[in-house]
Structure formats: C-alpha cells, structure tokens
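Notes follow the structure.
Both ligands and their constituent atoms are indexed starting at 1 by order of listing. This structure is a prediction, so every number in the text was calculated from the model and none was measured. The first residue of the sequence shown is numbered 1, and numbering continues consecutively from there.
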Amino acid sequence: MRRISILGATGSIGQNTIDLIRRDRDAYDVVALTGARNVAQLAHDAKDLKADVAVTCHPELLDDLRDALAGSGVEAAAGDAAICEAAARPADWIMSAIVGAAGLPPGLEALKHGTTLALANKESLVTAGPLLLATAAAHGATIMPVDSEHSAVFQGLIGEDINAVERIIITASGGAFRNWPLDKLKTATLTEASTHPNWDMGQRITIDSASMFNKALELIETKEFFGVRPDQIEAVVHPESMIHALVGFNDGALMAHVGPPDMRHAIGFALHWPERKPLPVERLDLAKIGQFTFRAPDLARYPALGLAAEVMEMGGLSGAAFNAAKEQALDGFIAGQIGFLDMAEVVERVLAKMSADQGLQNAQITLDNVADTDKAARRLASDLMQEMG
Ligand code: NDP
Ligand code: MG
C-alpha cells in the first residue's frame, strides 16, 4: 500500500485528489489530511479514508475538529506547526494543495523527508523555487508538477533532451473577462470575477485567472521548475482550454498536450508516474470540437503578464514580493476595498518600491528571507490600498 498525505485536502485540488484515491481505496494508506476552515469536510474525509491524523491550520477550530472526529480513532491537531508536522510524517506521496504562500513551509518539510511531492501549490515555486529544488535534490525527493500546464510540459519532455528545447508555450483560457471591453474591466465585481468559463477551481485562483495573475505565476513557475530562460517562455490565449501547453524543439517541432479541462488528469498523472494508469476523465471527440483557436494576450488587458516578465528577469526574492503583494491585493478585492484593475496597480507599486529599496535580486533565498519579504510586501500593499481606498 502506498502511504499518502494531502495538504489542502478540503480544497478543489484536494477534493479531486480524494476522488481518485476513493476509486482505488485499497491501494492507499492515508496518513494525514489537512485543511483550514472547512472542518466538517476534513473530518468526514479523514474518517472515511481512515487517516492517521487530520489537521486544521486554525487553532481556534481544534475543538470543533476533535468533536467531529470523536470515537473515530483519527487524531486531531491544529496550527501551522501541526501542518508541518503532518507533512513530516513518513509518506510515499504528498499532495501540496494549500492555496498561497502558506503552502511553502509544509512542502519543504515534506521534501526534507525524501517523499514525492505532487506540487499544485505554484506559490512555492514562485516564492522560493531555488530553495525548493535544492531541498528536493539534497534529500533525494521528487517534485511532480500538478498545475495542468506544467504537467503538460513535463509530459512533453519525457524522453527528450532539455537542451533541444527552444521554447515553452503555456496556454491561458483568458478567464472570465476575455471578451469584455477594456473600459468595463474596472467595474468588474467579485461575483463576475469568481466565475471561470472552463475550469472549476477555488475562488482565489479563479479570480487570478480573470486578471491573469494566475498565468503570471505560471510563467514564473515554468522558469523555476524547468530551468529555462525567460525569453524561452510564452503564454498564448486559447479559449477552449484543451491544449494545456506546447514544447517547441530546435527542429521546429511543437509537441502539444491535449486533454479535457479536468484537474484529475494532472493529479492522476503525478499520482501514478512513472506509470500511466486509466483515469476517469472525458475522452475528447476532436471532430465534435471542430477547432482550437489562439490569440496573443493583450498586455493592456492583462498587466500581470508584464509584471511576471519583470520578476523573471529580476529573480532572487522578487517572486516572494510579487506573490505576497498579489495575495494581499486579492484579499483587498475580495473584501471590496479595491477594484479589479487596482490589484495590478498595487502589485506594480510594491514591486517597484521593494526592488528600489531592498536589492531583492541578490538576496539569498532562505525560508526566513522569503518570510520577511512576504511580510514587508503585504504591509506595503495594505498601506497602498488604504491610500487608494
Ligand atoms: P482552494 O481554495 O479550493 O483550497 C485551498 C486549500 O488550502 C483548502 O484545503 C483550504 O482549507 C486550505 N487552506 C487555505 N488557507 C490555508 C492556510 N493559510 N494554511 C493551510 N491551509 C490553508 O484552492 P485550490 O484547490 O483551487 O488551489 C490549491 C492550490 O493549487 C493553489 O496553489 C492553486 O494555485 C493550485 N492550483 C489549483 C488548480 C485548481 O484547479 N483548483 C489548478 C492548478 C493549480 P479550507 O477549505 O478548509 O478553508
Ligand atoms: Mg494552471
């Protein structure tokens, strides 16, 4: 039996992972499940899958979790440290699906124990890519990409020489506002931004898709994970969301990964790799689909992409500042404090200020430095939002 843990089990990726596990229940020994606010779901899944331990990051919810688990034999724990402890419990495969920078410390903890880390939490790579890869290398751990584009690139590279790669193209649906007139964007509401045309995902990544901050994170993620130069990475708008990424080689060939927009493919690929096993995803009928379309992303509509290019050039701790400012600005938009287009303005101003003041580029990427940069960027972003509001 394979021992597995799921960090962020109650979220969209976590629930899709559990769906796959449940279909082949006897193959897995579930060690730890973690969540945040949704204690009822966490307890339900922990009991159903007979996990050793269930952890919420919120200490004030520990009693609720204990009550929900009473009599089941599943251990309850709470707090950020308890999540890291859960990640350190021996497991063969750990899904990293916490949303935001909070996913980094437990992901690192898991890697220190030599596990295979299925990485949905793109923020880990954006904030601390070199640290993550070095930790994996030092402990003989493996990182498997779960973001659909990066899983697609990974699959396109199997059996290939990375030196023969000329370019990597990741696709973007264009999000909720891809067909909106530009001048209407500043009035976009939370409800409008929280509806994705193709993918069913958590609220934060859905809004990040509308602003393309998600694609911005993914461009940086591509650079960090595959070790290619920024000028080799492109994003193209592909409204059908069926081609997830393409790898371009030095002979002009483009290898495309095609599949339905269902995260269970990328999760299942990471779960079974190096084998391929049948997965419960739709089989595409190409004749019925008829056509795939593409267009260049409009930088005026999606300023996040220009900011990603800056971060890729800067390197160092700029990804940590970028991500934290983005998370804070997203909180501000969700709370109704700032408008949809203000998010990019906040991030741009935080990046400009921090790169001028603090020499972000040359700093060493340690967990402490990342945490300090994260804090400073969030503080700056909230001051700016106060000024703007
Ligand atoms: P969700 O918001 O649906 O789920 C997030 C999970 O993290 C939940 O289990 C949540 O708990 C938990 N959580 C939230 N805050 C914290 C915290 N501070 N500490 C610990 N746990 C926390 O997100 P998604 O599943 O959509 O996304 C998860 C990650 O995967 C993100 O990094 C996202 O970018 C990435 N990803 C997601 C895709 C998707 O299809 N959804 C596609 C590609 C990448 P609770 O719900 O109990 O509050
Ligand atoms: Mg993606």
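- Restricting Asp147 to its N, O or S atoms, the one at the least distance from the Mg ion (ligand 2) is OD1.
- Interface atoms of ligand 1 facing Ala120, defined by a heavy-atom separation under 4.0 Å, are 30 (O), 32 (O), 35 (C), 36 (N), 44 (C).
- When heavy-atom distances to ligand 1 are checked against a 4.0 Å cut-off, Arg37 comes that close through both its backbone and its side chain.
- Judged by distance alone, with hydrogens and angles left aside, the side-chain atoms of Thr56 form a donor-acceptor pair with the main-chain N or O of Ala36 at under 3.5 Å.
- From the protein, the heavy atom lying nearest to atom 45 (P) of ligand 1 is Thr10 OG1, 3.2 Å.
- Around the Mg ion (ligand 2), the two atoms OE1 of Glu149 and OE2 of Glu218 are separated by an angle of 100°, to 10 degrees.
- The atoms of ligand 1 that sit less than 4.0 Å from any heavy atom of Gly8 are 6 (C), 7 (O), 9 (O).
- At the shortest separation from atom 34 (O) of ligand 1 among protein heavy atoms lies Lys122 CE, 3.1 Å.
- Atom 23 (O) of ligand 1 has its closest protein heavy atom at Val99 CB, 4.0 Å.
- Considering both main-chain and side-chain atoms, Met263 never comes within under 3.5 Å of ligand 1 through any nitrogen or oxygen pair.
- For ligand 1, none of its N or O atoms has an N or O atom of Asn214 under 3.5 Å away.
- The closest side-chain donor-acceptor pair between Glu218 and Asn214 falls under 3.5 angstrom.
- The distance from ligand 1 to the heavy atoms of Ile205 drops below 4.0 Å at these ligand atoms: 26 (O), 33 (C), 34 (O), 36 (N), 37 (C), 38 (C), 42 (C), 43 (C), 44 (C).
- Ring orientation note: the planes of Phe333 and Phe340 are nearly perpendicular, at an angle over 60° on the 30°/60° scale.
- Comment: Glu75 engages Arg89 in a salt bridge, judged by a side-chain N to carboxylate O separation of less than 4.0 angstrom.
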(request) Begin with the C-alpha distance, continue with both residues' side-chain angles, and end with the deciding distance and a verdict on ring pair (Phe, Tyr, Trp, His ring centres under 6.0 Å) for Tyr302 and Phe177. (result) CA-CA 10 Å; Tyr302 302 116; Phe177 305 138; 9.4 Å; no
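- The distance from ligand 1 to the heavy atoms of Asn38 drops below 4.0 Å at these ligand atoms: 45 (P), 47 (O), 48 (O).
- The backbone N or O of Ala101 lies less than 3.5 Å from a partner atom in the side chain of Glu327, making a donor-acceptor pair.
- Looking only at protein heavy atoms, the nearest one to atom 12 (C) of ligand 1 is Ala36 CB, 4.1 Å.
- Taking 4.0 Å as the cut-off between side-chain N and carboxylate O, Asp383 and Arg379 do not count as a salt-bridged pair.
- Arg3 pairs with exactly one of Asp52, Asp92, Asp29 by the side chain to side chain donor-acceptor pair (under 3.5 Å) rule, that one being Asp92.
- Closest to atom 26 (O) of ligand 1, if we only count protein heavy atoms, is Gly202 N, 3.0 Å.
- At the shortest separation from atom 44 (C) of ligand 1 among protein heavy atoms lies Asp147 OD1, 3.5 Å.
- Side-chain contact check for Gln337 and Asp342: no donor-acceptor pair (N or O, by modelled atom type) lies under 3.5 Å.
- Using a 3.5 Å distance cut-off with no hydrogens or angles, the side chains of His150 and Thr222 do pair a donor with an acceptor.
- Residue Asn121 has at least one heavy-atom neighbour below 4.0 Å for each of these atoms of ligand 1: 32 (O).
- Looking at Gln155 and His265, their side chains do bring a donor and an acceptor atom within 3.5 Å of each other.
- At the shortest separation from atom 27 (O) of ligand 1 among protein heavy atoms lies Ile13 CG1, 4.2 Å.
- Among Cys57, Ala97, Pro105, the residue whose heavy atom lies nearest to atom 6 (C) of ligand 1 is Ala97.
- In this model, no donor atom of one side chain and acceptor atom of the other lie less than 3.5 Å apart for Asn38 and Thr10.
- The option with the heavy atom closest to atom 32 (O) of ligand 1, from among Glu123, His196, Glu218, is Glu123.
- The aromatic rings of His238 and Phe294 sit parallel, their planes meeting at an angle under 30°, below the 60° perpendicular limit.
- In terms of protein heavy-atom proximity, atom 29 (C) of ligand 1 is nearest to Ile98 O, 3.6 Å.
- The part of Ala102 lying near ligand 1 is the side chain, judged by heavy-atom distances below 4.0 Å.
- Below 4.0 Å from some heavy atom of Met201 lie the following atoms of ligand 1, by number and element: 39 (C), 40 (O), 41 (N).
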